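Worth knowing before you read on, the calculation uses all heavy atoms, side chains too, and leaves out hydrogens, waters and symmetry mates. Keep in mind that what you see is a predicted model, and the values were worked out from it rather than measured. Throughout, protein chains are lettered first and strands after them, A, B, ... in sequence-line order, and every chain is numbered starting at 1.
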Number of protein chains: 2
Amino acid sequence: MKGVTKLKYTKIPEATIRRLSRYSRCLEEMNGLGEKVVSSAQLANKCLVNAAQVRKDLAYFGEFGIRGVGYYVNDLLQDIKRILGLNKEWRMAVIGIGNLGSALLSYKDFLKQNYKIVAAFDIDPPKVIGRVSEKVGKPVEVLHINRLKEVAKERRIEIGLITTPPSEAQNVANQLVEAEVKGILNFAPAQVTVPDGYMVKDVFFTTILDNLAYLLSNN
Amino acid sequence: MKGVTKLKYTKIPEATIRRLSRYSRCLEEMNGLGEKVVSSAQLANKCLVNAAQVRKDLAYFGEFGIRGVGYYVNDLLQDIKRILGLNKEWRMAVIGIGNLGSALLSYKDFLKQNYKIVAAFDIDPPKVIGRVSEKVGKPVEVLHINRLKEVAKERRIEIGLITTPPSEAQNVANQLVEAEVKGILNFAPAQVTVPDGYMVKDVFFTTILDNLAYLLSNN
DNA sequence: TATTGTGAAGCCTTTCACAGCA
DNA sequence: TGCTGTGAAAGGCTTCACAATA
């Protein structure tokens, strides 16, 4: 049964998926250091989680270890990447080329993984081109938002990053849905809803800051 | 008992704190629209949660509603802000003034809330000053990282935003601890640990993207 | 009467403890 | 022998259902 993705359980906790992502980051590092084998206890220790948790998380997807030994670092890394769907390139667009949007255009960590920004949109592209070209290593031309649907199809865009002001977020989300872009990473601090079959994940800096503020006020 | 923050339970779920932040965003909006009263069902509907959840979340901190009526929008908003510790200004520093760091320097949503960036640091400030000044409305001078401790005390910095490359994150975190900056928002995709009494919250874009990638691959 | 506040139930996640196995 | 994989226990969070009450 080794290495077989069998999905015995239908519903996998979101926390498990987040931890897989964390394990992959740690394994990547170990791999770089030339480490060959790792036990659940060592990996858990490195990722600051419980060892049984590591084994349970992996058990949702199959059997990847060797009893008495542990896990082969590179094998496990590749398995986790496959589970997460990272064994392909994900083609993304950024919508809203302000400060945050243009920072994301040259965000190094996307490149290291299989995330590639292949298009950029704004309501006011000419104003913006100069600002972007001067900052981005490998420049992406900023197009007018009204070309989203056409270009999304052409460039096979699968994920949209919303970095507009919050007032525009739902509007942009609607256009992404219209363009059949199934995944949305929403940086604009506004609730956005999409139909079934589409996914939104929020990245709200202030929500996390609020969390910090609460903890700092009460500890 | 109305409006009393009594903390009957010692341990409040982190999810509750995140939802309070969400409620406050919705209430802010309602307040802006001039709405005076809201029921838990209406607020829940707006925030896409369960109505009992709203009441339970609030019950951790006291009694804020009127049976048969609901909650006064502005009163509840102020109460939640007080609970979260947002009835004060939080003074922050950004460390690592690359693309992301300088985007955060002019991030509008911080200003709207009580988060204020009062200092910016980098290993290589001169190179960077030009790049920043041209982008930031109200400029913050970028200082050399070796002035962190001194300036943190001077400007009463309570939260540090790490936007360096991942290899530097732990090092910067150590310096923040040394400077007694109790809260850290870590944007660098690397595990960072701090002593008891200090707090780190991670903002890892790629972890959330990994989550999206998984969902898109399996739905 | 309408809606809150809350005990209890239900559900989900984590951790324990050990059988199973290389 | 030592570490994985997993059933069972423990723990925690969410939802239900209704008593309390403005």
Among the candidates dG2(D), dC13(D), dT13(C), find the nucleotide nearest to the side-chain atoms of Pro13(A). dT13(C)
Checking dT3(C), dT6(C), dT15(C) against the side chain of Lys56(B) (C-beta onward), the nearest is dT6(C)
What is the separation between atom OH on Tyr60(B) and atom P on dT14(D), rounded to the nearest whole Å? 7 Å
So if I take every side-chain heavy atom of Arg67(B) and compare against dC3(D), dG5(C), dT6(D), which nucleotide ends up nearest? dG5(C)
Identify, between Gly70(B) and Gly68(A), the residue whose nearest nucleotide on DNA chain C lies closer to the 5' end. Gly70(B)
Quick one: Asp57(A) CG to dT15(C) P, roughly how many Å, whole number? 10 Å
Output the single nucleotide from dT15(C), dT6(D), dA17(D) whose closest atom is nearest the side chain of Ala59(A). dT6(D)
Please determine, for the side chain of Ala15(A), which listed nucleotide (dT4(C), dA17(C), dT14(C)) has the closest atom? dT14(C)
Here the distance between atom P of dT14(C) and atom NZ of Lys11(B), to the nearest Å, is 12 Å
Closer than 4.0 Å, any side-chain N/O of Tyr71(B) to the OP1 or OP2 of dG5(C)? yes
Pairwise side-chain contact, Met92(A) with Tyr115(A), heavy-atom cut-off 4.5 Å (strictly under): yes
Taking all non-hydrogen atoms of both residues into account, name the closest pair between Val192(B) and Ala173(B) and its distance. CG1-CB, 3.5 Å
Check every atom of dC16(D), dT14(D), dC16(C) against the side chain of Asn50(A) and return the nucleotide holding the closest atom. dC16(C)
Parallel under 30°, tilted from 30 to 60°, perpendicular over 60°: which one fits the rings of Phe110(A) and Phe205(B)? tilted
Leu20(A) CG to dT13(C) C1': how many Å, rounded? 15 Å
May I ask you to evaluate whether Ser40(B) reaches the phosphate of dT4(C), defined as a side-chain N or O under 4.0 Å from OP1 or OP2? yes
Ranking dT14(D), dT6(C), dT6(D) by distance to the side chain of Ala52(B), first place goes to dT6(C)
In whole angstroms, the gap separating P of dG5(D) from CG of Leu76(A) amounts to 10 Å
Would you kindly give the CD-to-P distance between Glu63(A) and dA22(C), to the nearest whole Å? 10 Å
Over how many whole Å does the gap from Ile12(B) atom CD1 to dG11(D) atom P extend? 20 Å
Short side-chain N/O contact from Arg19(A) to OP1 or OP2 of dT14(C), under 4.0 Å: yes
Side-chain donor-acceptor contact under 3.5 Å, Gln170(B) with Asn174(B): yes
Heavy atoms from other residues, nucleotides or ligands near NZ of Lys108(B) exceed 12 (cutoff 6.0 Å): no
How many whole angstroms separate atom CD1 of Ile66(A) from atom P of dG5(D)? 9 Å
